Amino acid sequence: MTGQHNTSHEHRAYLPAMGKQWLLPLYDPFARFVGIKRVHEKLLDRANIRPGQRVLEIGCGTGDLLQTLKRRYPDVSALGIDPDPSALRRARRKAARTKLRIQYERAFADDLPLPDGSFDRVLSSFMLHHIDEEEWTRVLREVKRVLRPGGELHVADLDGTLPGQEGGHAHHSGQTADSLPERALSALVDAGLTGVRENGYGRARLGRYVFYRADVG
């Protein structure tokens with residue numbers, strides 16, 4: 001595969017960050033309230049990023065993770081992809097205000113318009129539970145394709161094993177209950193990634209979350 005983008009996907013359905021498109025203006029205040037920035041910091045602590053590397057975020061939303069990335073590692077090349085044009089517009093405005101060089105493109109994670117072996121790191125923050133479980137392996141195969149040999153995937157996502165009342169958050173979707181660690185680990189292995197493992201966990205106002213890591217040999 002060479003990452004040729006399927007333009008027929010321009011009208012594909014997707015689940016917005018807050019579940020409903022009209023709730024998007026509430027996403028950034030919600031993220032601050034539940035402590036997403038702290039999760040992003042912990043994810044970057046685990047990602048072994050070095051100057052000059054190319055970093056891709058799948059499901060970047062309004063761009064907070066890549067903003068944190070570029071403040072910490074100004075010399076990396078950062079690209080965020082998301083299917084939501086409204087979220088991408090917000091991400092681009094935020095990058096322009098802060099004068100951070102971050103590129104954003106509209107794309108679906110299972111159809112990346114990117115060349116093989118073109119990134120050193122792929123990051124994902126609370127994106128996996130937004131897609132149906134049967135799509136996980138297809139998405140992760142695309143991640144493997146665009147990672148260079150020795151590249152790494154680092155993921156933070158909800159732990160769906162907890163009762164719903166412990167999360168009690170607007171980020172809930174119909175797929176949250178399927179976001180079980182054993183299913184995520186199985187999908188990572190099925191995609192052909194190596195070194196697959198849980199890489200820690202934490203708890204925030206949105207509930208318990210898990211970190212995952214996988215490599216390309």
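Numbering of residues begins at 1 and proceeds along the displayed sequence. Nothing here was measured: the structure is a model prediction, and the numbers come from that model.
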Backbone N/O of [Y] and side chain of [X]: donor-acceptor pair under 3.5 Å:
X: Arg121; Y: Asn48; result: yes
X: Arg208; Y: Tyr201; result: no
X: Asp132; Y: Glu134; result: no
X: Arg46; Y: His154; result: no
X: Thr62; Y: Ala87; result: no
X: Asp120; Y: Arg54; result: yes
X: Asn199; Y: Phe211; result: no
X: Trp136; Y: Ala191; result: no

Would you say the side chain of [Y] lies within less than 4.5 Å of the side chain of [X], judging by non-hydrogen atoms?
X: Asp110; Y: Ile131; value: no
X: Thr68; Y: Leu43; value: no
X: Asp64; Y: Lys94; value: yes
X: Val55; Y: Tyr73; value: no
X: Arg71; Y: Leu100; value: yes
X: Leu112; Y: Ile58; value: yes

**Complete:** Residues Ser124 and Met127: closest non-hydrogen pair is OG-CB, 3.6 Å
**Request:** State, to 0.1 Å, how close Pro181 and Tyr212 come at their nearest heavy-atom pair, and which atoms those are.
**Result:** CA-OH, 3.2 Å
**Message:** With a 6.0 Å cut-off (strictly less than), is the heavy-atom count around NZ of Lys144, excluding the residue itself, greater than 12?
**Reply:** no
**Message:** Testing Leu56, Val76, Ile102 one by one against Leu66 for a side chain to side chain contact (heavy atoms under 4.5 Å, CB included), which residue passes?
**Reply:** Ile102
Before accepting this row, confirm whether a basic side-chain N of the pair [X]/[Y] lies closer than 4.0 Å to the acidic partner's carboxylate O.
X: Arg145; Y: Asp116; result: yes
X: Glu142; Y: Arg138; result: no
X: Arg203; Y: Asp159; result: no

**Request:** Quick one: do Arg72 and Asp45 satisfy salt bridge (Lys or Arg N to Asp or Glu O under 4.0 Å)? Show the steps, please.
**Result:** CA-CA 10 Å; Arg72 187 187 286 199; Asp45 288 344; 2.8 Å; yes
**Request:** Say whether Arg89 and Ser86, considering side chains only, have a donor N or O and an acceptor N or O under 3.5 Å apart.
**Result:** yes
